[in-house]
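Letters A, B, ... are given to chains in the order of the sequence lines, protein chains preceding strands, and every chain is numbered from 1.
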There are 2 protein chains.
Amino acid sequence: MMGNLADSMEYYLKKLLALSASGFLEIKRKELAGKFNCVPSQVNYVMATRFTLDKGYLVESRRGGKGYLRIRKVNTDGWELPGGILEELQQGLANNGKAVGIIERLREGKYISVRESRLMEAALQCISGLKNEQLKDDLRVLLMRRMIEALFY
Amino acid sequence: MMGNLADSMEYYLKKLLALSASGFLEIKRKELAGKFNCVPSQVNYVMATRFTLDKGYLVESRRGGKGYLRIRKVNTDGWELPGGILEELQQGLANNGKAVGIIERLREGKYISVRESRLMEAALQCISGLKNEQLKDDLRVLLMRRMIEALFY
DNA sequence: AACTATTTGACCATCTTTGACCTTTATTAT
DNA sequence: ATAATAAAGGTCAAAGATGGTCAAATAGTT
């Protein structure tokens, strides 16, 4: 049915996730690899290509004894994913308020922590004093894009 | 209940602490170890990783007969930045590398997370392309100062 | 053929657990 | 009192248990 390993692993995990009452799925990398008869790093490949933030999944992990991979579908009702936000950035940010709005949405959606949001707002504020309007606007967009990329890609 | 020993010990202690009227929790290392069926030094590991000052806990102890471990939750606002960083900022930052060095020290010292360090480095990188050297230098110092203030004040 | 996606494996980083050895404090024997 | 002994807790490094990275090899597409 599924041609390749990555696809069937994706299918398998999404089915389990859908069935899970807790809203997230916790697995052991090695076990999963064992079940699919592949090397553990194959699991990382599937995470990296199928369970990205863009696609609405958040993967957390922990190493060491009793380590795990935890996959959760993030709730994106009513507001954009980071991907959508990038498009917004593509079109430029008319003003500082718009950038701050994006930061707030990220924080409310738990994509970033409160500390991270404060960091981003501080960086933004630094350029708000520039005289050259063109430079200011360009830097604002660049800053937002780079910072978001730093976090999500 | 929980996955690994350290986690469940942490959970157990925090529950007891929350229940305690006195605001602190006093235990015996060996007893606790006995309850969890592990070596005593495991308790030290839990203290060192879960009940740090960073996380708002203070652990006092006493050796010898009638020895104990006393855990208390403390207010953890307003602690000092690691050596000389504020002074360094005061004197300006000659170049990008110096700023990155500060970020690295903050990260290595666990003052900021990896994500936060990436955020800060991304912001720095944005201004590194500016033509105007003076503006670039000024912005770099401003950025660093504002971002650090955002985190620590 | 060129480009893209998948699969593997060697090597790395991080977290946990354990144990041997060390230091401090209280109690007991002289 | 003092010295010896017992009773805590502390340190540190090694071993164990996971997951992560990266680049090379392979398979699939265009």
Rounded to the nearest angstrom, tell me the gap between atom [atom1] in [X] and atom [atom2] in [N].
X        : N       : atom1 : atom2 : value
Met9(B)  : dT18(C) : CE    : C1'   : 13 Å
Met47(B) : dT16(C) : CE    : C1'   : 15 Å
Gln42(A) : dA10(C) : CD    : C1'   : 16 Å
Asn4(A)  : dT7(C)  : CG    : C1'   : 10 Å
Lys28(A) : dT16(C) : NZ    : P     : 12 Å
Leu5(B)  : dG16(D) : CG    : P     : 17 Å
Asp7(A)  : dG28(D) : CG    : C1'   : 12 Å

Who are the ring pair (Phe, Tyr, Trp, His ring centres under 6.0 Å) partners of [X], not counting sequence neighbours?
X        : answer
Tyr68(A) : none
Phe51(A) : Tyr57(A)
Phe24(B) : none

**OP:** Using only side-chain N and O atoms of Lys66(B), determine if any of them is under 4.0 Å from OP1 or OP2 of dT27(C).
**Re:** yes
**OP:** Tell me whether the OP1 or OP2 atom of dT17(C) has a side-chain N or O from Tyr45(B) closer than 4.0 Å.
**Re:** no
Identify each atom pair where a protein N or O and an N or O of nucleotides 20-25 of chain D are less than 3.5 Å apart, giving names and distance.
{"from": "dG20(D)", "atom 1": "OP1", "to": "Ser61(A)", "atom 2": "OG", "distance (Å)": "3.1"}
{"from": "dG20(D)", "atom 1": "OP2", "to": "Asn44(A)", "atom 2": "ND2", "distance (Å)": "2.8"}
{"from": "dG20(D)", "atom 1": "O4'", "to": "Arg63(A)", "atom 2": "NH2", "distance (Å)": "2.9"}
{"from": "dG20(D)", "atom 1": "N7", "to": "Arg29(A)", "atom 2": "NH1", "distance (Å)": "2.8"}
{"from": "dG20(D)", "atom 1": "N7", "to": "Arg29(A)", "atom 2": "NH2", "distance (Å)": "2.9"}

**OP:** Determine, step by step, whether Val43(A) and Val46(A) satisfy the side chain to side chain contact (heavy atoms under 4.5 Å, CB included) criterion, reporting the C-alpha distance in whole Å, the side-chain angles of both residues, the deciding distance to 0.1 Å, and the verdict.
**Re:** CA-CA 5 Å; Val43(A) 176; Val46(A) 172; 5.7 Å; no
Subject >> Distance in Å, Leu124(A) CG paired with Met144(A) CE, rounded so as to fall on 0.5 Å steps >> reply: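 Those atoms lie 5.5 Å apart.
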Subject >> Gap separating the CG atom of Leu135(A) from the CD atom of Glu133(A), nearest 0.5 angstrom >> reply: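 Separation between the atoms: 10.0 Å.
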Original post:
What does Gly67(B) touch in the nucleic acid at a heavy-atom separation under 4.0 angstrom: a base, only the sugar-phosphate, or nothing?
Top reply: sugar-phosphate
**OP:** Looking at every strand, decide which applies to Arg70(A) at a 4.0 Å heavy-atom threshold: base, sugar-phosphate, or nothing.
**Re:** nothing
Below 3.5 Å between N/O atoms, which protein atoms pair up with nucleotides 1-3 of chain D? Just atom names and distances, please.
none

Original post:
By side-chain hydrogen bond (donor to acceptor under 3.5 Å, both in side chains), which residues pair with Thr49(A), not counting sequence neighbours?
Top reply: none
Original post:
So, the side chain of Arg70(A) versus the backbone of Glu26(A): is there a donor-acceptor pair under 3.5 Å, distance only?
Top reply: no
**OP:** Go through Met47(A) and Ile71(A) one step at a time and tell me if the side chain to side chain contact (heavy atoms under 4.5 Å, CB included) criterion holds.
**Re:** CA-CA 9 Å; Met47(A) 295 300 129; Ile71(A) 307 172; 3.6 Å; yes
